Amino acid sequence: MSTLSVPLTPQLEETINSFVKNGYAPNKAEVVRKALKLLAREEAIMAVLEAERELDEGKGLRGDLDVLAKRLRKHG
């Protein structure tokens, strides 16, 4: 496991300390790990929602994957 040094504003440091104090995580590092996992989850959700929006707008590809792959190769 690697270590990353990140400068924090006093407000962010206090937020992290508050999470530890309130039992959200056992230490500061675990607070940051949990925050990064939540951010990654949020990004994945946003990607799915964007894909659904594009499908609703008719921008998606539908059909047989082999046929679509051939089309993409032809135009790529």
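When a residue number appears, it is its place in the shown sequence, counting from 1. Only a predicted model underlies this, so the values are computations on that prediction, with no experimental measurement involved.
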Distance in Å, Glu30 CD paired with Phe19 CZ, rounded so as to fall on 0.5 Å steps: 13.0 Å

Chi angles and distances behind the side chain to side chain contact (heavy atoms under 4.5 Å, CB included) call for Arg41, Leu38: CA-CA 5 Å; Arg41 186 177 303 149; Leu38 287 171; 3.6 Å; yes

Hydrophobic cluster membership, Leu12 vs Leu36, 4.5 Å side-chain cutoff: yes

Path from Val6 to Val31 over hydrophobic side-chain contacts below 4.5 Å: yes

Residue pair Glu14, Gln11: steps toward the side chain to side chain contact (heavy atoms under 4.5 Å, CB included) verdict: CA-CA 5 Å; Glu14 181 53 39; Gln11 293 83 5; 5.8 Å; no

Euclidean distance, Leu55 CG relative to Glu50 CD, rounded to 0.5 Å: 10.0 Å

Val67 and Arg71: CA distance, side-chain angles, deciding distance, side chain to side chain contact (heavy atoms under 4.5 Å, CB included) verdict: CA-CA 6 Å; Val67 172; Arg71 286 186 191 167; 4.0 Å; yes

Crowding at NZ, Lys34 (>12 non-hydrogen neighbours, <6.0 Å): yes

Cationic N near anionic O, under 4.0 Å, Arg53 to Glu57: yes

Spatial distance of atom NZ (Lys37) from atom CZ (Arg33) [nearest 0.5 Å]: 8.0 Å

Asn27 side chain to Ala29 backbone, donor-acceptor under 3.5 Å: yes

Sub-4.5 Å side-chain heavy-atom contact between Glu42 and Ile45: no

